[in-house]
Every structure is written in structure tokens, then in C-alpha cells.
Protein chains: 2
Amino acid sequence: MGTTKTEHFTDKQNATASMLKALGHPARIAIMEFLITANHCICGDIVNEIPLSQPTISQHLKELKNAGLIKGRVEGNAICYCVNEQSISDIIGYFGNITNKINQRAGNCC
Amino acid sequence: MGTTKTEHFTDKQNATASMLKALGHPARIAIMEFLITANHCICGDIVNEIPLSQPTISQHLKELKNAGLIKGRVEGNAICYCVNEQSISDIIGYFGNITNKINQRAGNCC
DNA sequence: AAACTATATCGTAATATTGCAATATTAAAA
DNA sequence: TTTTAATATTGCAATATTACGATATAGTTT
């Protein structure tokens, strides 16, 4: 117990859940928004921008990276982060599909 | 510790994270997809459709409902569930905005 | 090389999540 | 009214997440 039973679900369902889970924390939403708003890659400003400790930010960045939502590039002794635009397209694609299915069907009773 | 420091983030960021967090589990993705694919409201079939125990499904439904992603309507001794279409629009709107910002900016270095 | 800077990792405490058996609740049917 | 059916709640064990201090690592500067 305590563990998600991923084996009952499709790969696509697990992959989708895992992307959205990575975005399911306000600090990670804030990091994504910061990276996007900043008009360029961010090297070393993230810790100053978000009021959490450096290890905590580093951990959140790792999770975003594992989920494929951001990319990192080593730049001297700093690391430049930016959004993986493909991942955002994938998410939009997913919800676009959902919307199409909603629009195609008969209608709700609730 | 162990608790998310929501006070450091905007209401919008917390609200967005909380919706996406609700979708950040394969069982809840599967429930959403089932409700959408089913072309009508679902009264009582969810437990048979997803290989998790009845209490576990009930708990996931509660979380989806708390996050505003689904609606429930009492129908005799059963409960009919359906997707809250507005919530999907909200999510699409959020990622649409993100995409606009990405397209407006100079470009990545990564 | 020594000091400095940026980031990652380790270890750990506090809390949250997942899943289920048992039980409660509520409405319908017999 | 007893039984049946559908769903919710409670209680709990296993595991995951969140956050951070301390420390490690790696590149830069002096």
C-alpha cells in the first residue's frame, strides 16, 4: 500500500498523470511560469526568485526535469534552465483531444 | 515540514497546481477518460471499470470533485458523475496562455 | 592552490497520499 | 420492515512527498 498501482493503467495514462503530477505543486508552477516569462533561459536566478531553500528548489527542478517539462544546460559553473516546449504541446494536445471528445458526445445529465 | 508552503505562491498558482495535482494520478486520469468517452453521465459503472477497490475509487472521485473536475448528481441510490467541462476549459486556457507567452518571446538557449 | 559560487545530494523530520478491509449510510426493492 | 444495492466514511499500514540543514561536487576566480 501507499504505492500507486500503475500496472492497472495504460502507458499513456501513466505518462499523462506523471506530467501533470509534476505540475501539481505551486512551487513547480511558479518555476515554470518564471522560466516562460523570462524571455530567455535562466541561469542561477531561480533560487533568488522563489522563497524556498536552495536544496528544495533543486529538488523541484529535478522533478520537472524527470517529467520532461524542462531542460537544463551546463553553462560554466551555473546551469541554464528552460521549458521543454514539446512537453507543453503534448499537454495541450491531450486536453484538446479531451475537448473534442466532450464536444462530440450527446451531453451531460449533471 | 512535509507540508507545501502555499503561502509563498499566488492564489492562481495554488489553484492551478491543485487542479493538475488532482489529475496527477493514473486512476483519476482513467476515471476522467471513462467519464468523457462514455457519451453520457455514469451512474455506478466506475467501480466495475477500474481495477481498484470501491473505497479507493470513492476516494479518487472525492478528490476529483473537490478539485472541481467532476460533478455528481444523486439518482436514486446511485450517483451520476460527469466531467465539469468548465474545468477543462480553464486548464486549456491556462496552457494556451503559456503557449502564447512562449511564442512571443525571444527563444531558448537550451 | 585557496577561496568563492552555483548547484546537487544526503539524511532526516513532518506530513500527505495510496489502497483496502470493515463498517456506515442511504435509497430502492421485496 | 427486512433485504439488497450503491456509495461514503473510518481506521490503518505502507509508501511518497515536502522541506531543509549539512555537506559534496564542480567550475571560476584570485
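In what follows, chains carry the letters A, B, and so on, assigned in the order in which the sequence lines appear, proteins first and then strands, with residues in each chain numbered from 1.
Going from atom CG of Leu61(A) over to atom C1' of dA6(C) covers 12 Å, rounded to whole Å. If you take CD1 of Ile42(A) and C1' of dT7(C), they are 16 Å apart, rounded to a whole angstrom. Protein atom CG of Leu23(A) is 12 Å distant from nucleotide atom P of dT18(D), rounded to whole Å. Computed from coordinates, the Asn66(A) CG to dA8(C) C1' distance equals 13 Å when rounded to whole Å. Taking atom CG on Asp45(B) and atom P on dA6(D), their separation rounds to 10 Å, with Å as the unit.
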Taking only N/O atoms, report every protein-nucleotides 26-30 of chain C pair under 3.5 Å with atom names and distance.
none

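Under the rule for a salt bridge (Lys or Arg N to Asp or Glu O under 4.0 Å), Glu33(A) has no partner lying at least two apart in sequence or in another chain. Annotation: side-chain contact (heavy atoms from CB on, under 4.5 Å) contacts of Ala30(A) (sequence neighbours excluded): Ile50(A), Phe9(B), Gln13(B). Legend: residues meeting side-chain contact (heavy atoms from CB on, under 4.5 Å) with Lys62(A), ordered by chain and number and at least two apart, are Asn66(A). Remark: Met32(B) engages Leu23(B), Leu64(B), Leu69(B), Ile70(B), Val83(B), Ile88(B) in a side-chain contact (heavy atoms from CB on, under 4.5 Å) (not counting sequence neighbours). Every residue two or more places apart in sequence or in another chain was checked for a side-chain contact (heavy atoms from CB on, under 4.5 Å) with Ser18(A), and none qualifies. With sequence neighbours left out, Glu75(B) forms a salt bridge (Lys or Arg N to Asp or Glu O under 4.0 Å) with Arg73(B).
Annotation: side chain of Ile91(B) is not in contact with side chain of Tyr94(A) (no heavy-atom distance under 4.5 Å).
Counting only residues at least two apart or in different chains, salt bridge (Lys or Arg N to Asp or Glu O under 4.0 Å) contacts with residues 2-18 of chain A are absent.
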Legend entry - nucleotides 14-20 of chain C: protein proximity per nucleotide (B base, S sugar-phosphate only, - neither; heavy atom, under 4.0 Å): BSSSBBB

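Between Tyr81(A) and the phosphate of dA8(C), there is a side-chain N or O to OP1/OP2 separation shorter than 4.0 Å.
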